Each structure stands twice: as C-alpha cells, then as structure tokens.
Number of protein chains: 2
Amino acid sequence: MDRLSEVFSALADPTRRAILARLAEGEATVNQIAEPFPISLQAISKHLKVLEKAGLITRGREAQWRPCRLDAAPLREVADWVTGYQVFWEERYDQLSEYLKRIQKEH
Amino acid sequence: MDRLSEVFSALADPTRRAILARLAEGEATVNQIAEPFPISLQAISKHLKVLEKAGLITRGREAQWRPCRLDAAPLREVADWVTGYQVFWEERYDQLSEYLKRIQKEH
DNA sequence: AGCATATTCAACCTAGAAGTTAATTAACCG
DNA sequence: CGGTTAATTAACTTCTAGGTTGAATATGCT
C-alpha cells in the first residue's frame with residue numbers, strides 16, 4: 001500500500017481523527033487517549049497501531065507507559081496533494097467554468 | 001458515516017485518486033476513464049459510485065454516455081481540516097518543540 | 001425491428017477493518 | 001515475591017471493500 005493511501009485510510013476514521021486532535025494538545029498515554037471513547041482499550045490500541053504505521057504518531061517508552069505524540073509530517077503530504085486541486089474549488093475556476101460554458105453555447 | 005470520513009475513505013484508493021487526476025484534465029466517460037486501468041469496467045463503475053457518493057464527481061447524461069466531471073468542493077473541506085495541523089509540521093513548531101525540550105531538561 | 005455500444009446491476013468471492021473478550025507481557029510498588 | 005497497573009497479543013465475529021463474471025438496461029445506428 002502506498003504511503004498516501006495509508007495516510008488517507010488512517011484519516012478516514014473519526015475515532016482516529018479525534019485521537020490526532022487530542023494529541024495536538026500534547027503527549028498522552030494509551031489510557032488517557034482511550035478515556036473519552038466508548039470503545040475498548042484494545043480497540044484504541046489498534047487505532048494507535050494504524051496511526052503509527054501511517055507515520056502520524058510516534059510512541060516512546062516511559063516505565064509501563066507508551067506516551068504517544070503527534071507527527072504531522074504525513075499531513076503535510078496530504079496538504080501538498082490536495083492543494084494540487086485548489087484551483088478547482090477557487091472562485092477563479094468557477095468563473096473559468098462559467099466562461100467555458102458560455103463559449104460552448106455560443107458555438 | 002460523516003462527510004469527512006467518506007471523503008478521506010474515497011481518497012484512500014490510488015485508483016480513485018488517479019481517476020480524479022484524469023478528471024482534472026476534463027470531463028470523461030466511464031469507458032474513457034477505465035481505459036488506462038488493468039481492472040474491469042464494472043470495478044471502475046463502482047469506484048465512480050464511491051467518488052460520486054463522496055461528492056467528488058458529478059455525472060451528466062448524454063445519450064448512452066454518463067460523462068463524469070470533477071467536483072473539488074469536498075477537497076476544500078479536506079484542505080481546511082488539514083491546515084488545522086499546519087502549525088505542527090512547520091519550522092516554527094520544530095523550533096518550539098526543541099525549545100520546550102530544552103526548558104524541560106533544565107528543570 | 002435488430003444489432004452494437006455504453007453503462008449498470010446482481011451474485012459471488014476473498015481479504016481486511018473494526019470491534020469484542022480473554023490471556024499475556026512488562027514495569028512499578030509494597 | 002506477589003499484586004496492581006499499562007498496554008499488547010490472540011482468537012474470534014461481523015461487516016464491508018474491491019475485485020470478478022454474467023445478465024440487464026438504455027441509447028444510437030442502419
């Protein structure tokens with residue numbers, strides 16, 4: 001699986017996006033991360049593994065805790081990819097689109 | 001399924017991203033879209049349905065053709081979401097991170 | 001009408017995602 | 001050492017994604 005697909009796939013789950021939002025506020029242990037969610041700790045552990053594989057988090061070791069922290073580097077790749085389409089949602093493009101439609105009708 | 005998850009999920013497939021890239025060059029019929037791919041037309045048809053459900057393409061009707069065209073609006077939502085993390089991959093943040101580490105060690 | 005082309009629908013298969021519970025590993029604490 | 005806490009691993013279930021092939025639908029052409 002290519003990198004971008006892996007990142008998009010990791011981001012496609014609201015629980016995982018919520019985890020990233022939590023980590024944006026700072027490091028947290030697995031239990032701390034799991035606390036607000038209505039699912040089992042094991043399920044959270046799996047989500048963390050997915051995020052780690054996608055490069056979105058890194059995990060350290062402190063005694064029996066595995067503090068997680070955000071690594072936003074892959075998000076930059078997402079941003080780079082998506083801005084390639086920026087022209088298509090901008091005003092400018094809508095105007096261009098309208099213009100092309102008008103031209104086409106005139107012929 | 002929430003909108004953003006649906007869009008991320010749609011983008012998590014390289015074939016679908018390739019389809020979007022193709023449509024960025026202009027409208028295309030299903031057959032035209034399918035042509036470069038080594039999978040069946042039906043599989044492409046399914047991918048298109050996913051993209052349509054995510055709001056990333058729209059489909060018209062011209063005789064027996066269903067021309068597809070890109071709709072980048074959902075990509076804007078992706079861009080908006082991801083830029084919320086921009087600070088975490090920027091230089092500024094790395095410096096802040098280093099600074100915080102240094103402070104912490106000094107105590 | 002009858003055939004060709006474009007596209008979708010239906011049924012099916014297989015692999016993987018997301019969750020569960022139960023058991024295991026690892027580290028600290030008394 | 002024995003118990004507690006933190007986290008992962010294992011085994012299992014259920015559902016869905018992505019692919020296949022074959023049949024159906026819709027439109028254009030002669």
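Heavy atoms only: backbone and side chains are in, while hydrogens, waters and symmetry mates are out. No experiment lies behind these values; they were computed from the predicted model shown. In what follows, chains are A, B, ... by sequence order, proteins preceding strands, each numbered from 1.
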Could you go through nucleotides 3-9 of chain C and list every protein N or O atom that sits under 3.5 Å from one of its N or O atoms, giving the distance for each pair?
from: C/dA6; atom 1: O3'; to: B/Q64; atom 2: O; distance (Å): 3.4
from: C/dT7; atom 1: OP1; to: B/V30; atom 2: N; distance (Å): 3.3
from: C/dT7; atom 1: OP1; to: B/R66; atom 2: N; distance (Å): 3.3
from: C/dT7; atom 1: OP2; to: B/N31; atom 2: N; distance (Å): 2.8
from: C/dT7; atom 1: OP2; to: B/N31; atom 2: ND2; distance (Å): 2.6
from: C/dT8; atom 1: OP1; to: B/R59; atom 2: NH1; distance (Å): 2.8
from: C/dT8; atom 1: OP2; to: B/S45; atom 2: OG; distance (Å): 2.8
from: C/dC9; atom 1: OP2; to: B/K49; atom 2: NZ; distance (Å): 3.4

Distance, nearest 0.5 Å, that separates NZ of A/K49 from NZ of A/K46:
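It is 8.5 Å, given to the nearest 0.5 Å.
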Considering non-hydrogen atoms only, spot the tightest contact between A/Q32 and A/P36 and give its length.
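Heavy atoms of A/Q32 and A/P36 come nearest at O-CD, 3.7 Å.
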Nearest heavy-atom neighbours spanning B/G26 and B/R22:
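So the minimum-distance heavy-atom pair works out to O-NH1, 3.4 Å.
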Give me the one residue out of B/I57, B/V7, B/L11 that meets side chain to side chain contact (heavy atoms under 4.5 Å, CB included) with B/L51.
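Between B/L51 and the candidates, side chain to side chain contact (heavy atoms under 4.5 Å, CB included) is satisfied uniquely by B/I57.
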Taking the six-membered ring for Trp, are B/F8 and A/F8 parallel (under 30°), tilted (30 to 60°) or perpendicular (over 60°)?
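Rings of B/F8 and A/F8: tilted, as their planes differ by 30° to 60°.
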Around atom CZ of B/R76, are there more than 12 heavy atoms of other residues, nucleotides or ligands at under 6.0 Å?
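Counting other residues, nucleotides and ligands, CZ of B/R76 stays at 12 neighbours or fewer.
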Provide the start and end nucleotides, 5' to 3', of the part of DNA chain D that has atoms under 4.0 Å from heavy atoms of chain A.
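Range of nucleotides within reach of chain A: D/dA6 to D/dA11.
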Return the value, rounded to whole Å, for the distance between atom [atom1] of [X] and atom [atom2] of [N].
X: A/I44; N: C/dA18; atom1: CD1; atom2: C1'; answer: 11 Å
X: B/K46; N: C/dA10; atom1: NZ; atom2: P; answer: 12 Å
X: A/E62; N: C/dA27; atom1: CD; atom2: P; answer: 13 Å
X: A/L11; N: C/dA17; atom1: CG; atom2: P; answer: 15 Å

Check this for me: does any side-chain nitrogen of one of B/R17 and A/D2 sit under 4.0 Å from a carboxylate oxygen of the other?
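Result for this pair is yes, salt bridge flagged.
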Residue whose nearest DNA chain C nucleotide is more 5′ - A/I39 or A/M1
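Looking at the nearest nucleotide for each, A/M1 comes out on the 5' side.
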side-chain hydrogen bond (donor to acceptor under 3.5 Å, both in side chains), paired with B/H47, selected from B/E52, B/Q42, B/R16:
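Between B/H47 and the candidates, side-chain hydrogen bond (donor to acceptor under 3.5 Å, both in side chains) is satisfied uniquely by B/R16.
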